[in-house]
Structures are given as structure tokens and as C-alpha cells.
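Beneath this line is the structure, given in C-alpha cells, with notes to follow.
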Amino acid sequence: MAKKEKNIIETKWLELKAKSKVDNPNIDEIDQLTCRLIADLADLTDAGVTEIEGVSIDLYKDRVWWVVEKVGLLPEYRDDEDDFEDDFEEEDDYYRVEEEFEIEIDDSKFYR
């Protein structure tokens, strides 16, 4: 009896998994493999595919994402606030008293 051939997504996933589990993985090669697999999964998702031979396409997406995180392909997260704080120091002016003024509020507009 002949062994059933694996689908292309499963084959790519198994190759990626094997290459990511070695002691010193080749990051460039893993980056290329993940990019190609993500593109294939995106194309299948756009085509409305939700399962590949009984395996959820979302499971494949999660698997690829775990590899991306594990091998360190993501750049260090830095949000806009970090960039803003590096540009200048904010001066604390809480206790500074500048011009004081009073505002009169016409209560008749709020209470009827």
C-alpha cells in the first residue's frame, strides 16, 4: 500500500518546524519559509478555505506565528509614546500658577 502524499501546506509546515527546532536555526531561511507559508495561507483564506484535509487553516496560522515568535523574527516592540518621550522631557507645571480666572455658568441652562 502506497503512503499518502502530504498536501503542500503540511509539507511546508513540517519543513519549517524541522528547521526551527535545530540548535542554531538559520534565521534568514526560516524568515523566507514563514513568509511563503503565510502568503499561501493568506491566499487560501481569501479563497474561502477554512480546512485543509480536516485541519483548520487557523491552526496552521497559529503554528507559523509560534515559530515567528520563537525564533525572534519580530522586531522589538516600541510604541509611539516611547518615540515621543525620547524627543524631549516634559516639564511638570502642575504647581505653577499662571493667570487665574473665574468662569460664570448660567445654571438656568442646566437645571430646569
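- Rounding to the nearest 0.5 angstrom, the gap separating the CD1 atom in I57 from the CG atom in L41 is 5.0 Å.
- Expressed to the nearest 0.5 Å, how far CG of D58 lies from CZ of R63 amounts to 12.0 Å.
- The nearest pair of heavy atoms linking K70 to S20 is NZ-O, 3.5 Å.
- Residues D40 and I8 have side chains not in contact (no heavy-atom distance under 4.5 Å, counting atoms from C-beta outward).
- Taking CH2 from W13 and CG from L33, the interatomic distance works out to 11.0 Å, rounded to the nearest 0.5 Å.
- Shown here for I27 and V71, the closest heavy-atom pair between the two residues is CD1-O, 3.6 Å.
- What you find for E69 and L74 is that their closest heavy atoms are CG-CD1, 4.0 Å.
- Residue Y60 comes nearest to V55 through the heavy atom pair CE1-CG1, 3.6 Å, listed as atom of the first residue, atom of the second, then distance.
- To the nearest 0.5 Å, the span separating CD on Q32 from CG on N26 amounts to 8.0 Å.
- In this structure, OG1 in T11 is found 12.5 Å from CG in L16, a value given to the nearest 0.5 Å.
- Here K12 contributes atom NZ and I38 contributes atom CD1; the two are 11.5 Å apart, rounded to the nearest 0.5 Å.
- Proximity of E53 to E10: side-chain heavy atoms (C-beta onward) are nowhere separated by under 4.5 Å.
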